Amino acid sequence: MAHPHDVPTSTQLLEAVRQWLERDVMPAVDARLQFHGRVAMNLLAMVEREIEIGPDQAVQHSQRLSTLGCADDSELAQRIKNGEMDDRLDEVRALVYASVIDKLQVANPKYLEK
Amino acid sequence: MARTWQSSDVKTTALVDALASDLSGVLGAREVSNLRRLTGGASRETWRFDADGSAFVLQRVRPGTIGGLKQEPSVLLMAAQHGVPVPELVFDGSASTALTEPFMIVRAVEGETIARKIQRDDAFGLARQNFCRDAGAALAKLHSIDVAEVSGLENEDQVVRYRDVLDFLNQPHPTFELVFHWLRAHAPESQRRTIVHGDFRLGNLMIGAEGIAAVLDWELAHLGDPMEDLGWLCVKAWRFGGAAPVAGLGTYDDLFASYEQHSGIAVDADAVRWWQVLGTLKWGIICISQASTHLSGVMRSHELAAIGRRVCENEYDLFQLLEGEW
């Protein structure tokens, strides 16, 4: 997607902050702040991944939803709840599972290796 | 979740000194010292202190929390009478205004609650071996209590409860709808109705060198199907990264064998599994709720925000659990 910004890119900026936390902040703080620092670094890495692969995932998610005739997850959830998907639950489960895998690819890809 | 010291939570020394003085009045103690705050639950403050040479723990309702201490002190007493390892209740302040909010004081039990240490440290080798035996025994004893002996415990259908919570949070999760569908279609015939601890897992168990020294955190105790406690103990999040199904420490067979030995009641593995599925769903919904605590501004915290992105771990766990079972 075209945009007017100079380098560094948004992911490169996030990476720079994350590496500063890791290199300079973490060794200088106590255990409790280190725990919160690690959480912060994980969040930055998560957003870096979302910026990288999120746009492709969005296209695929729209395709899944349109296969099921739903505008968004809200409509899909509501229609499963109302029993309107009962005659195609196998298909629904396969597509919902694919979206869960996509979410983990951004949120915590290591979780998929277990 | 870990019980670590949080001196930064302590607002002023004066506040702590005033509480120490109130505590010494409540206990009739000459000296209260070393008063310090531990991390507590959402609705409780937990403090540890020494009084005349003995160590105690104070649990006090967080100001502004609805519901008070409820039945916790009486459940604790009942559990002790039936041989469940619990801290000794020293003062039931559930109807007292001596510390402004309702409270209770128990004798401190030494040991470790942090899962990572219990799972790895050499000091807990024997405790790890004995874990399933102790957990099965403690739960069997708890579930043997005649429910007529304790009044006022909540008696709510857990599926309905978490259905309502999810609807209230208003965050769409197709996976959770699929799982609610499965839960309704496969609900076990519940034969027994007992006291359920409601949060029996590492983090809420004081582990000593030889095993479970005390079952803590009775805040969520309620009436229900006793298999709820066994299923919750096996939820993947409570394995803390360990591979073994029971708290990352032991096998289903060892847990069930001990439960059967101490209760004389056969464990229906399918019922436990159903509760494990509900427990996994429940933890996912709690994760949404934690993130909303941040998003709504009740408590701004990047740690709570991060938990919102862990919901998909629970969704993934649910798909793994139900593979071939739909």
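So you know, we letter chains A, B, ... as the sequences are listed, proteins then strands, and number each from 1. As the structure is a prediction and not an experimental result, all values here were calculated from the model. Only heavy atoms go into these numbers, but all of them, side chains included; no hydrogens, no water, no symmetry mates.
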_Is any side-chain heavy atom of B:Glu303 closer than 4.5 Å to one of A:Phe35?_
yes

*Check whether any side-chain heavy atom of B:Thr175 lies under 4.5 Å from a side-chain heavy atom of A:Tyr97, and answer yes or no.*
no

Atom [atom1] of [X] with >12 non-hydrogen neighbours under 6.0 angstrom:
{"X": "B:Glu323", "atom1": "CD", "answer": "no"}
{"X": "B:Arg120", "atom1": "CZ", "answer": "no"}
{"X": "B:Glu189", "atom1": "CD", "answer": "no"}
{"X": "B:Arg300", "atom1": "CZ", "answer": "yes"}
{"X": "B:Gln320", "atom1": "CD", "answer": "yes"}

*So which of A:Ala31, A:Ser99, A:Ala40 has the biggest tally of heavy-atom pairs under 4.5 Å with chain B?*
A:Ala40

Output the distance between atom [atom1] ([X]) and atom [atom2] ([Y]), rounded to the nearest 0.5 Å.
{"X": "B:Arg310", "Y": "A:Tyr111", "atom1": "CZ", "atom2": "OH", "result": "7.5 Å"}
{"X": "B:His302", "Y": "A:Leu43", "atom1": "NE2", "atom2": "CG", "result": "6.5 Å"}
{"X": "B:Trp182", "Y": "A:Leu89", "atom1": "CH2", "atom2": "CG", "result": "14.5 Å"}
{"X": "A:Asp73", "Y": "B:His173", "atom1": "CG", "atom2": "NE2", "result": "8.0 Å"}
{"X": "B:Glu177", "Y": "A:Arg79", "atom1": "CD", "atom2": "CZ", "result": "13.5 Å"}
{"X": "B:Arg309", "Y": "A:Leu104", "atom1": "CZ", "atom2": "CG", "result": "11.0 Å"}

_Shorter than 4.5 Å, heavy atoms on both sides: which option in B:Leu322, B:Leu318, B:Asp317 has the most such pairs with chain A?_
B:Asp317

*asked:* Applying the side-chain contact (heavy atoms from CB on, under 4.5 Å) criterion to B:Glu313, which one of A:Leu112, A:Asn108, A:Val100 satisfies it?
replied: A:Asn108

*Applying side-chain contact (heavy atoms from CB on, under 4.5 Å), run through A:Asp90 and B:Trp326 and close with a yes or a no.*
CA-CA 9 Å; A:Asp90 283 343; B:Trp326 292 100; 5.5 Å; no

Heavy-atom cut-off 4.5 Å, strictly under: side chain, backbone, both or neither for [X] against chain B?
{"X": "A:Asn42", "result": "neither"}
{"X": "A:Glu50", "result": "side chain"}
{"X": "A:Met46", "result": "side chain"}

What part of [X] gets within 4.5 angstrom of chain A, counting heavy atoms only: side chain, backbone, both, or neither?
{"X": "B:His181", "result": "side chain"}
{"X": "B:Gln171", "result": "neither"}
{"X": "B:Asp167", "result": "side chain"}
{"X": "B:Arg163", "result": "side chain"}

*B:Cys312 and A:Ala107: which non-hydrogen atoms are nearest, and at how many Å?*
SG-CB, 3.8 Å

